[in-house]
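Okay, structure first, notes after.
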Amino acid sequence: MDGEVVDTARSQSRRQSDSARRYLDVEATTPALRSTVEFAARSVGFAIAQLNVLDEDTQYTLVNVGGPPMSTVVRADTLCDDVVRSGEPAVVAHGRIRATTRQRAMLDDNGIASYASVPLRGREGLVIGTLCLLDRTPRPLSGEQMQELEQFASVLEEQLDLHRRVGSGVTRLGRDNDIADSIADGHIVPWFQSIVDLRTEEIVGFEALARWHHPTRGMVVPADFVPFAEASELIIDVDLSVLTQAAAEMKKWHIHRPELRLTVNISGRHLAHPDGVSQLQRAIASSGVSPSSISLELTETTAVTPGPLLRRHIDDVHRLGFRVLLDDFGSGWSSLERLVTLQPDGIKIDGHLTRFIDTVAGRAMIRSLAGVAKDLDLTMIVEGIENREQADAALELGCTLAQGYLWSRPQSATAVLRTIADSSKDS
């Protein structure tokens with residue numbers, strides 16, 4: 001019976017996340033949405049107001065009035081996570097307290113004295129986000145004012161649904177010239193997440209992940225711009241820029257720990273171009289690092305038609321010394337075909353599969369993939385390890401390399417170099 005309850009909750013979580021994502025194409029600065037959020041804040045006298053949409057992993061702030069620039073944060077770190085889970089408003093204001101202990105603790109930690117959050121429901125009837133108000137000054141909030149906020153939330157629901165049906169007609173984050181200019185200006189940079197040996201939990205390398213230092217929206221994560229770049233040739237420019245910068249950083253790591261490896265995401269589109277391999281070689285030339293220290297994680301391989309050129313490029317990449325991994329392995333049937341046609345050096349187990357490592361089916365699949373990797377002498381890295389139980393299960397199932405929030409979130413180049421330097425002193 002307990003297993004049935006867990007399965008139902010998981011299904012509901014996926015349905016909520018899928019519903020929320022249908023609202024993420026709405027432009028954050030749509031005038032109608034922004035005006036409604038501003039009026040809501042003004043009606044109760046709060047300084048900061050946000051329109052947030054939450055999928056399974058991330059909170060996306062579509063409208064932010066009065067607060068610092070922001071776009072995305074990890075959902076588990078947000079105040080609104082509980083509101084979406086419960087479907088109930090949360091209030092911490094003068095004379096009114098209706099919030100979880102976790103929410104009150106987070107407010108105290110961030111110096112927030114007043115907080116009110118009302119759930120927003122999507123077309124499917126599921127909570128997809130919040131109208132959230134905050135203030136560093138204690139504010140009174142009457143029952144009538146809460147009703148006003150709920151009315152504003154109803155208006156936002158209608159506006160969101162309208163934009164979902166017909167589109168906002170406003171240019172979104174991720175225009176060609178925005179991304180191209182940001183690459184040229186050095187605003188798209190690598191951050192790094194550690195890869196560890198599960199047997200020793202020692203860091204053996206880092207994956208480079210693109211981050212965009214946007215002039216008005218602050219730090220922008222890949223989910224907000226990489227899909228757009230992948231729909232055009234811009235993804236090649238993004239990848240090469242990140243590879244060049246990451247290789248330069250690895251040169252600094254090797255002063256302290258020369259055995260550390262670097263993995264970098266590379267779209268399969270590179271391999272569809274006659275000069276794709278030479279571009280990869282030129283990208284690391286100035287750093288002086290050896291290609292043998294770098295693994296290229298192939299993404300978007302399904303967008304490239306298999307053929308002689310693709311096969312020849314894989315062989316050329318190997319001859320240069322690069323290792324090739326298939327990224328997000330296990331996320332689709334095409335993964336199995338690519339394992340045969342591309343003959344990579346390793347695979348990266350998709351984090352969505354890792355979430356099922358506590359289930360019979362999930363364990364069976366990961367155990368089977370670990371067996372395939374061992375039989376074919378492939379490197380296998382498990383993504384998305386978030387707790388000790390998952391790490392222990394992965395090791396038991398035959399996995400040796402992993403990455404995830406259990407060990408570290410993505411960090412800036414400066415933070416990574418400091419960690420490496422400190423660890424080398426300790427050893």
Side-chain angles (χ1 to χ4, degrees), residues 3 6-22 24 53-60 72-77 81 84-85 126 128 193-196 198 207 209-210 221-224 226-227 230 263 265 267-268 297-303 325-339 344 346-373 378-399 401-410:
V6 170
D7 287 343
T8 300
R10 185 179 295 120
S11 175
Q12 179 78 358
S13 174
R14 286 200 297 270
R15 288 176 56 227
Q16 181 276 324
S17 185
D18 290 343
S19 180
R21 287 175 183 145
R22 293 187 176 100
L24 292 179
V53 172
L54 287 75
D55 68 8
E56 196 168 13
D57 303 306
T58 306
Q59 173 176 295
Y60 303 83
T72 61
V73 292
V74 176
R75 171 173 170 166
D77 296 340
D81 180 32
V84 172
R85 291 182 186 280
L126 301 170
I128 52 94
Q193 186 175 35
S194 60
I195 300 172
V196 303
L198 283 169
E207 178 184 5
L209 302 162
V221 297
D224 283 357
V226 167
E230 285 176 340
T263 67
N265 292 316
S267 171
E297 292 186 21
L298 289 184
T299 65
E300 288 293 291
T301 54
T302 56
L325 307 180
L326 291 187
D327 194 25
D328 293 336
F329 196 82
S331 61
W333 290 108
S334 62
S335 299
L336 297 176
E337 178 188 353
R338 300 290 166 166
L339 186 61
I347 56 178
K348 201 81 171 291
I349 300 302
D350 184 67
H352 287 87
L353 182 57
T354 305
R355 292 176 187 166
F356 296 97
I357 201 169
D358 61 341
T359 68
V360 173
R363 290 172 66 87
M365 292 182 67
I366 293 175
R367 183 186 291 110
S368 297
L369 290 173
V372 169
L378 300 177
T379 297
M380 183 170 119
I381 304 173
V382 181
E383 291 185 298
I385 299 292
E386 297 184 352
N387 55 57
R388 175 54 51 195
E389 290 75 17
Q390 290 177 331
D392 292 343
L395 183 59
E396 180 187 342
L397 295 172
C399 308
L401 299 177
Q403 66 186 92
Y405 288 171
L406 174 61
W407 299 285
S408 77
R409 297 180 182 275

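Small disclaimer: the values here were computed from a predicted structure and weren't measured. Numbers here are sequence positions counted from 1.
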(request) Report yes if the side chains of Glu389 and Asp358 come closer than 4.5 Å at any heavy-atom pair, otherwise no. (result) no
(request) Check whether any side-chain heavy atom of Leu397 lies under 4.5 Å from a side-chain heavy atom of Ile357, and answer yes or no. (result) yes
(request) Take Leu369 and Leu353, measure what side chain to side chain contact (heavy atoms under 4.5 Å, CB included) needs, and give me the verdict at the end. (result) CA-CA 11 Å; Leu369 290 173; Leu353 182 57; 3.9 Å; yes
(request) Kindly give the heavy-atom pair with the smallest separation between Ala394 and Leu198, and that separation in Å. (result) CB-CD1, 3.9 Å
(request) Drop me the distance from Leu406's CG to Asn387's CG, to the nearest 0.5 angstrom. (result) 7.0 Å
(message) Which heavy atom of Leu126 sits nearest to which heavy atom of Ser19, and what is that distance?
(response) CD1-CB, 4.4 Å
(message) Tell me the closest heavy-atom pair linking Arg21 and Asp57, and the distance in Å.
(response) NH2-OD2, 4.4 Å
(request) Give a yes or no answer on whether the side chain of Thr354 reaches the backbone of Glu383 with a donor-acceptor pair at less than 3.5 Å. (result) yes
(request) Can you measure from CD1 (Ile349) to CG (Leu401) and round to the nearest 0.5 angstrom? (result) 11.5 Å
(request) Enter the distance from Asp350:CG to Leu326:CG here, rounded to the nearest 0.5 Å. (result) 12.5 Å
(request) Kindly compute the distance separating OG1 (Thr263) from CD1 (Ile195), expressed to the nearest 0.5 Å. (result) 4.0 Å
(request) State whether the side chain of Ser17 and the backbone N or O of Glu56 hold a donor-acceptor pair below 3.5 Å, judged by distance alone. (result) yes
(request) State the CG-CG distance between Leu325 and Asn265, to the nearest 0.5 angstrom. (result) 10.0 Å
(message) Given 3.5 Å as the limit, does a donor-acceptor pair link the side chain of Arg75 with the main chain of Asp55, or not?
(response) yes
(message) On a heavy-atom basis, which atom in Pro344 and which in Leu378 lie closest, and how many Å separate them?
(response) O-CD2, 3.1 Å
(request) Please report the shortest heavy-atom distance between Pro222 and Ala210, naming the atom on each side. (result) CG-O, 3.1 Å
(request) Decide yes or no for Asp77 and Arg409: does some side-chain heavy atom of the first lie under 4.5 Å from some side-chain heavy atom of the second? (result) yes
(request) Would you mind telling me which of Asp81, Val74, Val73 makes a side chain to side chain contact (heavy atoms under 4.5 Å, CB included) with Gln59? (result) Val73
(message) Measuring only between side-chain heavy atoms, which start at C-beta, is Leu339 closer than 4.5 Å to Val372?
(response) yes
(message) In the structure I gave you, are the side-chain heavy atoms of Tyr405 and Gln193 within less than 4.5 Å of one another anywhere?
(response) yes
(message) Under a 3.5 Å distance rule, please check whether Gln16 uses its side chain to pair with a backbone N or O of Leu54 as donor and acceptor.
(response) yes
(message) I need the Arg367 CZ to Cys399 SG distance, nearest 0.5 Å.
(response) 10.0 Å
